[in-house]
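First up is the structure itself, then whatever we jot down about it.
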Amino acid sequence: MVVSIDELNYLDCLLWLGEGKAAAEKICVAQSTLSRNARAAASKLYVSLLKRDAEWYVNGDQQILRSERRLHQQIRWEKELPLRIDAQFYSGPFLAEGLCPRQFIVGNFDLLDTRKPLQLLRSGILDAWIAGYPDVPDPDDETLACFRLTRLPLKLAVSVAHPLLQQGDAICLDDVAAYPCMALPDGAFPRLEETLKALGLWNSPVRMRRYDPAKWLGQSQDQVTVAYASSFSIGLFPDPMVFLPLDLGVEVGEAVVVKREFANHPRFRKLLLSLQQRSAQLARQYDDILVDF
């Protein structure tokens, strides 16, 4: 049986966005329509859909599914169908929000690690991902190409009532180590995790798979919890946060990742130019952000 472009689109958007209602809203169809077509696609491809820990997965031999995906992804790029792009929760609102809906389906900015989006990219479900440096593919990665956009220092932020602020400029990392620091699940951002652990940070694991503002921001606002932030992401907290007067010596930033086979495609080059322009606007707005292209 032949799988239509729409049917596979419904299936893959469900796997990507993780929840039927969110996926249906993104592609402007009824949730019942999305669910029915996603299951139809799975059946035609001789796989089944399973939901575990609030995430959808495909079960069964995926050889035919992978072949169909490769073909359908080529069609998306060549026939001007909307490409799928996602980003980290802190950079998405600045770099990906508002892209032309005729050209892009923009994600929820809630993928809270590097493993899921990179797997989505390699499988052909996702077309582009705005990743957080240093957790990006290596330059010699055979499948994925990475293009740096910005670089900036990572900082520590606390609520305005945090006891550490009483120490003023005398504060040091040993002082910070006495308080819990916001951390993500082990392996979510392996390179950044290794760097922060070496500094005595990353000491309060959080069991989360997707970004939930109520949970994440609520815990970051605790009077003794130290959060990680940058000059533009600190504004995402609902209550006032301030930076600690510490230089961690840790550089972070944004980069856009795409399959190598599409890295020179005119549509990607147009997207890259748009992201570079938005990055330049951030650099003009914040003194510690530098463009890296």
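Quantities reported herein were computed from a predicted structural model and do not represent experimental measurements. All residue numbers refer to positions in the sequence shown, counting from 1.
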Donor-acceptor contact present, side-chain [X] to main-chain [Y], <3.5 Å:
X: D135; Y: L192; result: yes
X: K26; Y: V106; result: yes
X: D127; Y: R84; result: yes
X: E19; Y: A54; result: no
X: S43; Y: R39; result: no
X: R191; Y: P134; result: yes
X: R278; Y: L95; result: yes
X: T114; Y: A188; result: yes

Report the distance from atom [atom1] of [X] to atom [atom2] of [Y], rounding to the nearest 0.5 Å.
X: D12; Y: I27; atom1: CG; atom2: CD1; answer: 10.5 Å
X: F109; Y: S91; atom1: CZ; atom2: OG; answer: 8.0 Å
X: N59; Y: L49; atom1: CG; atom2: CG; answer: 9.5 Å
X: I171; Y: L165; atom1: CD1; atom2: CG; answer: 7.5 Å
X: W56; Y: L15; atom1: CH2; atom2: CG; answer: 9.5 Å
X: I5; Y: I75; atom1: CD1; atom2: CD1; answer: 4.5 Å

Minimum-distance pair of heavy atoms, taken over all atoms of [X] and [Y]:
X: A40; Y: E7; value: CB-OE2, 4.0 Å
X: V291; Y: A283; value: CG1-CB, 3.9 Å
X: F293; Y: S279; value: CE2-CB, 4.0 Å
X: L34; Y: A24; value: CD1-N, 3.7 Å
X: P137; Y: L118; value: CG-CD2, 4.1 Å
X: S233; Y: Y90; value: CB-CB, 3.7 Å

Exercise for review: Answer yes if F147 and L83 sit in the same cluster of Ile, Leu, Val, Met, Phe, Trp and Tyr residues linked by side chain heavy atoms under 4.5 Å apart, and no otherwise.
Suggested key: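 Yes; L83 is reachable from F147 via cluster members.
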Point to revise | Distance-only polar pair, side chains of Q73 and K259, donor-acceptor under 3.5 Å | key: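 A donor-acceptor contact under 3.5 Å links the two side chains.
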Review point. Is the closest side-chain donor-acceptor distance between E261 and Q74 under 3.5 Å?
Key: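 Yes, side-chain donor-acceptor contact under 3.5 Å.
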Practice item. Name all residues meeting the side chain to side chain donor-acceptor pair (under 3.5 Å) criterion together with T195; count only those two or more places apart in sequence or in a different chain, and write none if there are none. Key: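 With neighbours one apart ignored, the set is empty.
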Exercise for review: Check side chain to side chain contact (heavy atoms under 4.5 Å, CB included) between L273 and all other residues, then give those that pass, not counting sequence neighbours.
Suggested key: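 Once residues adjacent in sequence are excluded, the partners of L273 under the side chain to side chain contact (heavy atoms under 4.5 Å, CB included) criterion are Q276, Q277.
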Review point. Among all residues two or more places apart in sequence or in another chain, which pass the side chain to side chain contact (heavy atoms under 4.5 Å, CB included) test with Q281?
Key: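 Q281: side chain to side chain contact (heavy atoms under 4.5 Å, CB included) contacts with R284.
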Quick check on [X]: does its [atom1] atom have over 12 non-hydrogen neighbours (other residues, nucleotides or ligands) under 6.0 Å away?
X: D169; atom1: CG; value: no
X: K197; atom1: NZ; value: yes
X: Q63; atom1: CD; value: no
X: E194; atom1: CD; value: no

Decide, yes or no, whether a salt bridge links [X] with [Y] under the criterion of side-chain N to carboxylate O below 4.0 Å.
X: D141; Y: R122; answer: yes
X: E55; Y: K116; answer: yes
X: R267; Y: E80; answer: yes

Check your understanding: Using the benzene-type ring in the case of Trp, are the ring centres of Y286 and F94 under 6.0 Å apart?
Key ->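 Between Y286 and F94, the centre distance exceeds or equals 6.0 Å.
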Exercise for review: Test side-chain contact (heavy atoms from CB on, under 4.5 Å) on F232 and Q285 and set out the steps.
Suggested key: CA-CA 9 Å; F232 69 90; Q285 187 175 354; over 6 Å; no
Point to revise | Chi angles and distances behind the side-chain contact (heavy atoms from CB on, under 4.5 Å) call for Y46, D61 | key: CA-CA 7 Å; Y46 305 103; D61 186 341; over 6 Å; no
Check your understanding: Are R151 and Y133 in a cation-pi setup, meaning NZ or CZ lies under 6.0 angstrom from the ring centre and within 45 degrees of the ring axis?
Key ->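 Here R151 fails the 6.0 Å and 45° test against Y133.
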Practice item. Run the numbers on L271 and I85 for side-chain contact (heavy atoms from CB on, under 4.5 Å), then give the verdict. Key: CA-CA 10 Å; L271 170 64; I85 184 170; 4.0 Å; yes
Exercise for review: Decide yes or no for L164 and V226: does some side-chain heavy atom of the first lie under 4.5 Å from some side-chain heavy atom of the second?
Suggested key: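 Yes, at least one pair of side-chain atoms sits under 4.5 Å.
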Point to revise | Full working for ring pair (Phe, Tyr, Trp, His ring centres under 6.0 Å) between F189 and Y228 | key: CA-CA 13 Å; F189 297 89; Y228 310 112; over 10 Å; no
Practice item. Report the relative orientation of the aromatic rings in W77 and F262; use parallel for angles under 30°, tilted for 30 to 60°, perpendicular for over 60°. Key: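 Ring orientation, 0 to 90° scale: parallel.
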**Study point:** Test side-chain contact (heavy atoms from CB on, under 4.5 Å) applied to N264 and R269, step by step
**Key:** CA-CA 6 Å; N264 290 315; R269 286 292 156 176; 3.2 Å; yes
